[in-house]
Amino acid sequence: MNALKKLFGGNTRQFGMIFALVALIVFFQFATDGRTLTPGNVINLFNGNSYILILAIGMVLVIIAGHIDLSVGSVAAFVGVTVALAIRDWGIPWYAGILLGLGLGVLIGAWQGFWTAYVGIPAFIVTLAGMLLFRGFNQFVGKSNTIPVPADFQYIGSGYLPEVGPNTGFNNLTLLLGLLGVAFVVFSELRARRTAKALGAEVPEGWVMGTKLALVCGAILYATYLFATGRPGTSFPIPGLILAVLVLVYGFISSKTVVGRHVYAVGGNRHAAELSGVQSKKVNFLVMMNMAILAGLAGMIFVGRSTASGPFDGVGWELDAIAAVFIGGAAVTGGVGTVIGSIVGGLVMAVLNNGLQLLGVGADLTQIIKGLVLLIAVAFDVYNKSQGKRSIIGLLTQNFNRPSGGAPLQPDEVTSTKETIAREA
């Protein structure tokens, strides 16, 4: 037990969601006679849930800031149908269509951000209106028709890394990507350890660091093997690559930049943040705009995967994204949450949904189980915090939230004092 405490930072419960994810994978692997961890199923799981995970990245920042966005599904559908129509009727190239979709996301985000940040209408009401507004625009613009997109555009939603180099029996680019991931994890851990030593902070024993690296790198390499050994023509999916880049970028922004610290400060205590010089209106405007941009990107990825835009695209997406964020450890009151935690929460729901489908469980029972999982996960985290302990996912991802000075920055530790917020800013 002491070894486990050293390995997992003194409290194994902080890794609850990771343990839950691993337990789900192991359970379904046995229950489905090995069909869960097959290359084809893993690739389909990422392809089929990448757009929800992208939405979760934007949604966690919205929720950290103390808001919620109910319009993301409708915004994604409206952007998708508009881009599909522009490519088909205006003859614009696929890359111009992507730029058009991102531009629409900026305009929609500015619209909703204005009402939320500068007029003062609660984001719940603004985005509820947006959900109705942009769902109507989707039906009006698309005439409730299915609008196909060309093969070049489909690549962002259903493409794979190409085959390059010698025939090794694997996809070489996928292998390279996995090795780069391992190198990044090892470099980050060694750099954090070296920085902590330089500051005179206590560092874990060598065997603890080695065991952690072995577990994480082993998981990365096994996933690389699965992606690299799929059926001919498949490899690591392009939506997964986009998701990986977004996780790195937004993980860095949320934990190591002034803007990210301000988002946590506004969500933790807006009035104290304003007294410290934080421009809360600007922060609220930016998080709402960012959410709409990511919703537009998610909509285009979904259209690319499904090869066409349809009138029912985006229905219920906002609920899946919100569930992923709360399962990942975010607080309803704001100020708490991480990008990595939201991805973990999204993967829990994705694996659960996928495993139940492989077992042939009906849609009705699937919804019941997913609802119970969401309720239990959030209740467990709320109970943990009520006992004076930190968020499970906040502790889990402390290495991803370490500021450049080397000391861990926990979003849970955002306080309402003027001095603390000023220091973090």
Side-chain angles (χ1 to χ4, degrees), residues 50-80 82 98 101-119 121-135 137-138 242-243 245-247 249-251 253-254 257 259-260 262-264 266-267 280-302 313-326 328 330-332 334-343 345-346:
S50 58
Y51 61 95
I52 295 297
L53 297 177
I54 289 173
L55 289 176
I57 294 174
M59 189 66 73
V60 70
L61 296 179
V62 172
I63 291 175
I64 288 171
H67 306 296
I68 203 160
D69 193 331
L70 300 177
S71 69
V72 292
S74 297
V75 171
F78 173 61
V79 170
T82 303
I98 293 176
L102 295 177
L104 275 175
V106 170
L107 294 176
I108 294 170
W111 165 263
Q112 299 196 134
F114 168 76
W115 290 105
T116 300
Y118 295 103
V119 178
I121 301 176
F124 180 89
I125 301 300
V126 172
T127 58
L128 178 60
M131 179 175 68
L132 302 174
L133 182 67
F134 296 110
R135 176 59 57 185
F137 277 143
N138 172 60
I242 296 173
L243 175 64
V245 172
L246 291 175
V247 168
V249 171
Y250 280 90
I253 291 174
S254 64
T257 67
V259 173
H262 285 184
V263 173
Y264 282 109
V266 170
S280 63
K281 292 182 179 180
K282 182 179 179 181
V283 170
N284 291 331
F285 181 84
L286 288 177
V287 296
M288 298 304 294
M289 177 183 285
N290 176 74
M291 182 71 261
I293 294 172
L294 291 181
L297 176 60
M300 289 187 288
I301 288 176
F302 180 82
D313 292 351
V315 175
W317 291 8
E318 59 280 344
L319 302 181
D320 290 333
I322 293 169
V325 172
F326 285 133
V332 179
V336 177
T338 61
V339 171
I340 299 296
S342 298
I343 297 300

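The analysis underlying the following values was restricted to heavy atoms, covering all of them including side chains, and did not include hydrogens, waters or symmetry mates.
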Test item: Tyr264 side-chain N/O and Gly337 main-chain N/O as donor-acceptor pair under 3.5 Å: yes

Contact check, side chains of Val119 and Phe114, non-hydrogen atoms, under 4.5 Å: yes

Closest non-hydrogen atom pair, Ala321 against Ile52: N-CG2, 4.2 Å

Test side-chain contact (heavy atoms from CB on, under 4.5 Å) applied to Ile343 and Leu243, step by step: CA-CA 10 Å; Ile343 297 300; Leu243 175 64; 4.1 Å; yes

Partners meeting side-chain contact (heavy atoms from CB on, under 4.5 Å) with Ile125 (sequence neighbours left out): Ile121, Pro122

Contact summary for Arg135 and Gly73, nearest pair of heavy atoms: NH2-O, 3.9 Å

Close side-chain approach of Leu61 to Ser254, heavy-atom, < 4.5 Å: yes

Side-chain atoms of residues 295-302: list all donor-acceptor pairs with protein atoms under 3.5 Å, sequence neighbours left out, distances to 0.1 Å.
none

Parallel, tilted or perpendicular: ring planes of Phe137 versus Phe134, cut at 30 and 60 degrees: tilted

Pair Phe78-Leu133, side-chain contact (heavy atoms from CB on, under 4.5 Å): steps then yes or no: CA-CA 10 Å; Phe78 173 61; Leu133 182 67; over 6 Å; no

Residue pair Leu55 / Met291: nearest heavy atoms and the distance that separates them: O-CE, 3.5 Å

Close side-chain approach of Met288 and Thr127, heavy atoms under 4.5 Å: yes

Student check: side-chain heavy atoms of Tyr250 and Val60 closer than 4.5 Å: no

Leu53 to Gly346 - nearest heavy-atom pair and separation: CD2-CA, 3.6 Å

For Val106 against Met289, the heavy-atom pair lying closest together: O-CE, 3.9 Å

Which atom pairs, one a donor and one an acceptor, fall under 3.5 Å between side chains of residues 64-71 and the rest of the protein, sequence neighbours left out?
from  : atom 1 : to     : atom 2 : distance (Å)
His67 : NE2    : Asn284 : OD1    : 2.8
Asp69 : OD1    : Ser71  : N      : 2.8
Asp69 : OD1    : Ser71  : OG     : 2.7
Ser71 : OG     : Gln112 : OE1    : 3.3
Ser71 : OG     : Gln112 : NE2    : 3.1

Close side-chain approach of Leu294 and Leu246, heavy atoms under 4.5 Å: yes

Minimum-distance pair of heavy atoms, taken over all atoms of Ala292 and Gly105: CB-O, 3.3 Å

Separation of Trp317 CH2 from Met131 CE (nearest 0.5 Å): 15.0 Å

